[in-house]
2 protein chains.
Amino acid sequence: MRDFSRSLPMSLLRAREAVMRQFRPSLREHGLTEQQWRILRALAAIDTVEVTELARTAFLLGPSLSRILRDLEARNLIERKTAKADQRRSMVSISEKGVKLMASVAPSSEAIYAEITRRFGARKLVELQEMLGELEQSLAGLGAGEEASAEE
Amino acid sequence: MRDFSRSLPMSLLRAREAVMRQFRPSLREHGLTEQQWRILRALAAIDTVEVTELARTAFLLGPSLSRILRDLEARNLIERKTAKADQRRSMVSISEKGVKLMASVAPSSEAIYAEITRRFGARKLVELQEMLGELEQSLAGLGAGEEASAEE
DNA sequence: CGAAGATACTTAACATGTTAAGTGAATGCG
DNA sequence: CGCATTCACTTAACATGTTAAGTATCTTCG
C-alpha cells in the first residue's frame, strides 16, 4: 500500500493546516473560530439567508451550523427571525455588532492572505485553486447523497 | 473582501471533503474513523513508534491521539508498552487483530483511490500533490510555534 | 378537510480539533 | 545529591464534525 503520508487526503490535510495555522491566532484574538468567521463572512456578503443556504455557502453541516448560530446569536453578532411565508424557515443576518467585529478582523486577515499569496506566488495560487476545483468536480456525483441525478 | 467561497482555505476544505466523502462509508462499515485508519496505516508501516512520533506521522495532535490510542487499545487493535530506557515514552505497535482489520479494509480503500486517480487523472494528481507540498513548504516557519528557527 | 409524507431545522450522542493545565519521569546544573 | 527545568504524555474543557433521531411546519393528495 502506498505510503499514506503521500496520499492525496494527507496532502490536502497538511496543506490546509499550513494555511489555517496562519489565520487562527488572529481570529482567536478576536474570539472567533474559523467556522464562526466563515459564517460572518458569508452573511456579510448576502444580507439575509436561510439556514440551509448558509450551511451550503459556509460549507458546514446543519448540526454544526445550528450550534454556532445559537452561540453567535447569544453574542449578538447575528440576528434571526422566522420567515413569514414559511414558519419552518429561519432568516439569518449579520448584526451591526457583527459588522464591526468583521471590520476589526478583516485587515489582519487580508494581510495574512496577501503574505501567503506572496510566498506561494499569485500565479501558482490561481493554478492550484483551479486544480482543486477540478478535483472537486471530477468527484461530484460519486460519493454518498447523489441518487440518480441528471448529470447531463 | 474577496468572495470567501473562492478563498484558498475554502478550496482546500471542499477538495478534501470531496475526497474523504469517498472513503468514509467504507471505513464506517469496518467501524473505523478516518483518523483511526490513519493511525493503523502509520503503524503498519513502522513496527513500533513512540506516541509523539506517531502524532507527527499521522498528523494528529497529542490529545486526539491519546484518546484514539486509548480506544484502539481497548479494541485490541494496537498494543502499548512503556520503553525500558525512558519510562515516559510509550511504544505503540499494531496488533495481529489490527493487521487483519487493515487487510479487510485495504482492498476497497485501494479501489476508491484508484477510481479517484482515474477520474482526476494520474498526471494531474501528481502535479496537484507537488503544488500542495510546495504550498506547505512556502508557509513553513511562518505561523505559530517557530520561534527564531535557523531557516537554513 | 385530513392524514401521510416531505421539509427545515434542532437535539442528541459520540469522535475529533484545539488550547491549557496536569502528571510522572528524565535532565541539567549548582 | 537535590531541585528547577524540560519532556512525554494524559486530562480537561470547549468547539466542531458526523450520523441518527426528534420536532414543528408545510405540502400533497385522496
Side-chain angles (χ1 to χ4, degrees), chain A residues 9 13-14 16-17 19-39 49-56 58-75 77 80-92 143-145 147, chain B residues 9 13-14 16-17 19-39 49-56 58-75 77 80-92 143-145 147:
Chain A
L13 181 57
R14 279 199 299 253
R16 186 173 143 80
E17 178 53 27
V19 172
M20 288 316 301
R21 177 164 36 236
Q22 314 305 318
F23 290 99
R24 263 191 285 269
S26 163
L27 291 176
R28 186 172 177 71
E29 278 178 17
H30 295 276
L32 288 175
T33 65
E34 173 196 337
Q35 292 82 356
Q36 293 166 350
W37 177 237
R38 288 219 299 274
I39 291 171
V49 256
E50 298 170 19
V51 171
T52 300
E53 170 68 7
L54 181 56
R56 207 184 57 73
F59 209 70
L60 292 169
L61 294 177
S64 292
L65 185 54
S66 254
R67 283 177 306 212
I68 300 175
L69 289 180
R70 165 168 50 70
D71 299 346
L72 291 180
E73 189 175 25
R75 291 164 64 184
L77 295 174
R80 267 197 286 199
K81 48 185 174 183
T82 59
K84 288 165 191 160
D86 188 339
Q87 301 282 345
R88 292 171 306 181
R89 289 176 154 78
S90 177
M91 306 306 292
V92 186
E147 313 292 327
Chain B
L13 181 59
R14 278 199 301 252
R16 186 173 143 82
E17 177 54 28
V19 171
M20 288 316 301
R21 179 165 35 237
Q22 313 304 319
F23 290 98
R24 264 192 286 270
S26 162
L27 291 177
R28 187 173 175 70
E29 279 179 16
H30 295 276
L32 288 175
T33 64
E34 173 197 339
Q35 293 81 356
Q36 292 167 351
W37 177 237
R38 287 218 301 273
I39 291 171
V49 257
E50 299 171 19
V51 172
T52 300
E53 170 68 5
L54 182 56
R56 208 186 55 73
F59 208 70
L60 291 168
L61 294 177
S64 293
L65 185 54
S66 253
R67 284 176 307 213
I68 300 175
L69 289 180
R70 165 169 48 71
D71 299 346
L72 291 180
E73 188 174 26
R75 291 164 65 184
L77 295 174
R80 265 196 287 198
K81 49 184 173 185
T82 59
K84 289 166 193 161
D86 188 339
Q87 301 281 344
R88 292 172 304 181
R89 290 177 154 78
S90 176
M91 305 306 291
V92 186
E147 313 292 327

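We name chains A, B, ... by the order of the sequence lines, and we start the count at 1 in each one.
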Between dT10(C) (C1') and Arg89(A) (CZ): distance, integer Å: 16 Å

By the 4.0 Å heavy-atom rule, please label Ser64(A) as base, sugar-phosphate, or nothing. base

Which part of the nucleic acid, if any, lies within contact of Thr52(A), taking any heavy atom under 4.0 Å across all strands shown: a base, the sugar-phosphate backbone alone, or nothing? sugar-phosphate

Over all atoms of both residues, closest heavy-atom pair of Pro9(B) and Met20(A): CB-SD, 3.6 Å

Residue of the set Arg88(A), Arg89(A), Lys81(A) for which salt bridge (charged side-chain N to carboxylate O under 4.0 Å, His left out) holds with Glu50(A): Arg89(A)

Of Asp71(A) and Lys84(A), the one whose closest nucleotide on DNA chain D sits nearer the 5' end is Asp71(A)

d(CG, Asp86(B); P, dT27(C)) in whole Å: 6 Å

Do you know which two heavy atoms are closest between Val51(A) and Leu65(A), and how far apart they sit? O-CD2, 3.3 Å

Quiz question: going by heavy-atom distance under 3.5 Å, is there a donor-acceptor pair between the base of dC7(D) and the side chain of Arg88(B)? yes

State whether Glu53(A) and Arg56(A) are salt-bridged, where the test is any N-O pair (Lys NZ or Arg NE/NH1/NH2 against Asp/Glu carboxylate O) under 4.0 Å. yes

Between dT16(C) atom P and Glu17(A) atom CD, what is the distance in whole Å? 17 Å

Just checking Leu65(B): base, sugar-phosphate only, or nothing, at a heavy-atom cut-off of under 4.0 Å? nothing

To the nearest angstrom, the CG-P distance between Leu60(A) and dC9(C) comes to 14 Å

For residues Gly31(B) and Gln36(B), report the shortest heavy-atom separation together with the two atoms involved. O-OE1, 3.7 Å

Of the options dC9(D), dT18(D), dT11(C), whose atoms approach the side-chain atoms of Glu50(B) most closely? dC9(D)

Tell me: CG of Leu72(A) to P of dT16(D), nearest whole Å? 8 Å

Report yes if a side-chain nitrogen or oxygen of Gln35(A) is closer than 4.0 Å to either non-bridging phosphate oxygen (OP1 or OP2) of dG17(D); otherwise report no. yes

When you measure from the side chain of Arg80(B), which nucleotide among dT18(C), dC26(D), dT10(D) comes out closest? dT10(D)

Rounded to whole angstroms, how far apart are CG on Leu61(B) and P on dT18(C)? 6 Å

Mind checking if Arg24(B) touches a base, just sugar-phosphate, or nothing, with heavy atoms under 4.0 Å? sugar-phosphate

Choose from dC26(D), dA13(D), dT18(D) the nucleotide whose nearest atom is closest to any side-chain atom of Gln87(A). dC26(D)

So if I take every side-chain heavy atom of Gln36(A) and compare against dG17(C), dA15(D), dT16(C), which nucleotide ends up nearest? dA15(D)

May I ask you to say what Ser90(B) touches in the nucleic acid, namely base, sugar-phosphate or nothing, with a heavy-atom cut-off under 4.0 Å? sugar-phosphate

Which comes earlier along DNA chain C counting from the 5' end, the contact point of Arg28(A) or that of Gly62(A), where each point is its nearest nucleotide? Gly62(A)

Decide yes or no on side chain to side chain contact (heavy atoms under 4.5 Å, CB included) for Leu69(B) and Arg80(B), but give the supporting numbers first. CA-CA 9 Å; Leu69(B) 289 180; Arg80(B) 265 196 287 198; 3.9 Å; yes

From CG of Leu27(A) over to P of dT18(C), roughly how many Å is that when rounded to an integer? 13 Å

Whole Å only: how far is the CZ atom of Arg67(B) from the C1' atom of dC14(D)? 11 Å

